[in-house]
Amino acid sequence: MNMKKVNIANTDLSVSRINFGGNVLGWTLNEKESFDILDAFVAAGFNFIDTADTYSWWVNGVGGQSETILGKWMQARNNRDRLVIATKVGSQTKEHPKDISKAHILQSVDESLQRLQTDYIDLYYTHFDDEVTPVEETLSAYDEVIKAGKVRYIGASNVSPERLNESFKVAEDNNLPKYVALQPHYNLMERTNYETIYRPIVEQFSLAAFPYYSLASGFLTGKYRSEADLGKSVRGAGLKHYLNNKGFAILDALDIVASKHNTQPATVALAWQLAQSSITASIVSATSKSQLQNLIDAPRLVLDKEDLEALGEASR
């Protein structure tokens with residue numbers, strides 16, 4: 001099956017509009033289950049997988065499980081050249097705080113390559129800014145790994161608008177690599193921060209935007225509609241703050257649009273996100289074939305003006 005791909009501006013990377021979130025690999029999915037879901041994701045025509053060096057550090061203190069499983073899978077399937085692989089550097093573990101120093105990046109990239117069993121990373125993100133390493137030091141580390149062929153392009157995730165803008169200026173002034181992508185926290189429940197602070201930067205620098213928590217940690221699937229529902233998964237407890245008038249209004253709007261198109265609320269929530277002009281692809285994970293189907297259906301679902309207005313109104 002062939003799913004429509006989009007080009008990431010300022011790169012030669014072409015990606016599907018759903019980016020599989022690899023935080024579940026080796027955490028809520030074991031190795032065999034991970035292989036099965038990745039096989040199904042690729043069979044559906046998708047090619048874009050997102051992970052991080054520290055997933056899932058909250059289980060073993062250091063992380064590495066997700067990259068390791070992804071590496072074993074790519075090795076077993078011999079499909080590395082058909083995929084776009086994104087991973088990240090800089091988040092904390094039990095061993096170290098957030099760190100985007102040159103020394104940490106140079107060490108971490110080699111460890112990621114080893115776990116992923118590959119010799120290059122397509123897109124390498126500043127996962128969390130440590131707020132102390134000079135921007136120039138971080139970018140010069142990226143320059144070094146790009147020149148060595150270990151990394152093709154760089155992106156940013158949890159970086160303040162100030163440090164992000166500074167990164168572009170420093171890159172321009174010193175002929176250092178520029179970020180080509182941003183991973184913001186963005187979904188129907190969380191619009192303000194991205195739309196007011198980050199979208200102008202995305203537009204100014206022609207960045208690809210790949211939102212994380214695209215389904216608000218599962219809230220937008222509609223399976224959590226009361227406090228009693230919060231026990232349904234490991235993430236449920238963290239969603240209590242969404243059980244309010246706005247949350248219920250959004251779920252109602254999703255239900256109406258989903259029934260009109262004979263699809264699921266999760267698919268509608270993703271289709272809404274993909275209909276936003278600055279969004280290149282949605283990062284979302286699935287732990288079952290039925291969840292995966294919701295993702296597969298999203299890029300094909302075309303919402304009309306009425307649908308988009310109803311969702312926009314409920315989530316304003």
Side-chain angles (χ1 to χ4, degrees), residues 6-13 15 19 48 50-54 84-92 96-113 120-186 190 192-213 276-281 283:
V6 287
N7 186 257
I8 299 179
N10 304 309
T11 78
D12 58 4
L13 299 176
V15 297
N19 186 184
F48 193 16
D50 179 86
T51 185
D53 60 346
T54 54
V84 175
I85 300 294
T87 191
K88 314 183 193 77
V89 62
S91 92
Q92 80 277 28
H96 59 76
K98 293 169 188 171
D99 189 351
I100 50 164
S101 66
K102 189 166 194 167
H104 185 71
I105 290 171
L106 296 183
Q107 179 188 339
S108 299
V109 77
D110 287 340
E111 292 170 353
S112 285
L113 290 170
Y120 68 101
I121 291 159
D122 295 293
L123 185 55
Y124 198 43
Y125 287 94
T126 297
H127 195 173
F128 286 88
D129 190 352
D130 61 18
E131 301 272 353
V132 293
T133 301
V135 163
E136 192 169 351
E137 179 182 330
T138 300
L139 295 179
S140 75
Y142 289 144
D143 191 42
E144 199 170 306
V145 296
I146 289 171
K147 284 180 173 147
K150 295 175 181 182
V151 166
R152 301 196 59 208
Y153 302 101
I154 56 167
S157 188
N158 301 283
V159 177
S160 71
E162 296 76 22
R163 292 264 286 184
L164 206 47
N165 280 315
E166 189 190 345
S167 298
F168 287 105
K169 188 177 173 347
V170 166
E172 188 64 43
D173 293 348
N174 299 279
N175 197 22
L176 290 169
K178 291 186 172 123
Y179 292 126
V180 300
L182 178 72
Q183 259 194 44
H185 181 184
Y186 182 53
E190 307 276 355
T192 314
N193 216 23
Y194 173 70
E195 291 179 6
T196 58
I197 298 171
Y198 286 100
R199 187 168 63 192
I201 300 174
V202 164
E203 288 168 348
Q204 182 185 348
F205 296 104
S206 304
L207 302 180
F210 304 123
Y212 63 86
Y213 291 155
Q276 308 307 307
S277 62
S278 66
I279 301 302
T280 311
I283 302 172

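Keep in mind that what you see is a predicted model, and the values were worked out from it rather than measured. The first residue of the sequence shown is numbered 1, and numbering continues consecutively from there.
- Residues satisfying the side-chain contact (heavy atoms from CB on, under 4.5 Å) criterion with Ser91, sequence neighbours excluded, are Thr54, His127, Phe128.
- Two residues are said to be in side-chain contact when any heavy atoms from C-beta on lie closer than 4.5 Å; Thr87 and Tyr125 fail this criterion.
- Every ring-ring contact (aromatic ring centres under 6.0 Å, His included) that Tyr186 has, sequence neighbours left out, goes to Tyr194, Trp272.
- Side chains of Leu182 and Leu164 form a contact here, defined as non-hydrogen atoms less than 4.5 Å apart.
- Phe48 meets the ring-ring contact (aromatic ring centres under 6.0 Å, His included) test with Phe210; sequence neighbours excluded.
- In plain terms, the two heavy atoms of Lys98 and Gln92 that are nearest each other are N-CB, 3.7 Å.
- Side-chain atoms of Tyr198 and Pro211, non-hydrogen and from C-beta on, never get closer than 4.5 Å to each other.
- The distance from the OH atom of Tyr212 to the NE2 atom of His185 is 6.0 Å, given to the nearest 0.5 Å.
- For Asp110, the side-chain contact (heavy atoms from CB on, under 4.5 Å) partners at least two apart in sequence or on another chain are Leu113, Lys150.
- Residue Ile8 comes nearest to Thr11 through the heavy atom pair O-OG1, 2.7 Å, listed as atom of the first residue, atom of the second, then distance.
- Put simply, the side chain of Asn7 gets close to the backbone of Leu13: a donor and an acceptor are under 3.5 Å apart.
- Across all their heavy atoms, Pro177 and Ala171 have their closest contact at O-CB, 3.6 Å.
- Atom-to-atom distance recorded for Gln276:CD and Glu195:CD is 6.5 Å, nearest 0.5 angstrom.
- Qualifying side-chain hydrogen bond (donor to acceptor under 3.5 Å, both in side chains) partners for Ser160, counting only residues two or more places apart in sequence or in other chains: Glu162.
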Run the side-chain donor-acceptor check on residues 199-206: report pairs under 3.5 Å with partners two or more places apart or on a different chain.
none

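- Shown are Ile146, Asp143, Leu176; of these, the side chain to side chain contact (heavy atoms under 4.5 Å, CB included) with Ile154 is made only by Ile146.
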Would you give me the side-chain donor-acceptor pairs under 3.5 Å for residues 134-141, sequence neighbours excluded?
from: Glu137; atom 1: OE2; to: Lys102; atom 2: N; distance (Å): 2.8
from: Thr138; atom 1: OG1; to: Ile100; atom 2: O; distance (Å): 2.9
from: Ser140; atom 1: OG; to: Lys102; atom 2: NZ; distance (Å): 3.4
from: Ser140; atom 1: OG; to: Glu136; atom 2: O; distance (Å): 3.3
from: Ser140; atom 1: OG; to: Glu137; atom 2: O; distance (Å): 3.0

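- Asp129 places none of its side-chain heavy atoms less than 4.5 Å from the side chain of Asn158.
- Residues meeting the side-chain hydrogen bond (donor to acceptor under 3.5 Å, both in side chains) test with Asn19, sequence neighbours left out: none.
- In this structure the side chain of Leu123 never reaches within 4.5 angstrom of the side chain of Ile85, judged on heavy atoms.
- Judged as a side-chain hydrogen bond (donor to acceptor under 3.5 Å, both in side chains), and not counting sequence neighbours, the contacts of Thr126 are Tyr142, Tyr179.
- A distance of 8.5 Å separates CG in Asp50 from OG in Ser157, rounded to the nearest 0.5 Å.
- Among residues two or more places apart in sequence or in another chain, the ring-ring contact (aromatic ring centres under 6.0 Å, His included) test is passed with His96 by His104.
- In plain terms, the two heavy atoms of Ala181 and Leu207 that are nearest each other are N-CD2, 4.1 Å.
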Handout entry: From CA spacing to verdict: side-chain contact (heavy atoms from CB on, under 4.5 Å), Ser112, Ile121
Key = CA-CA 9 Å; Ser112 285; Ile121 291 159; 4.2 Å; yes
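- Side chains of Lys178 and Asn10 form no contact here, defined as non-hydrogen atoms less than 4.5 Å apart.
- By the side-chain contact (heavy atoms from CB on, under 4.5 Å) test, Val132 pairs with Asp130, sequence neighbours left out.
- The side-chain hydrogen bond (donor to acceptor under 3.5 Å, both in side chains) test applied to Asp173 returns Lys169, not counting sequence neighbours.
- Heavy-atom contacts from other residues, nucleotides or ligands closer than 6.0 Å to CG of Asp12 number more than 12.
- For the atom pair CG of Asp99 and OG1 of Thr133, the computed distance is 6.0 Å after rounding to the nearest 0.5 Å.
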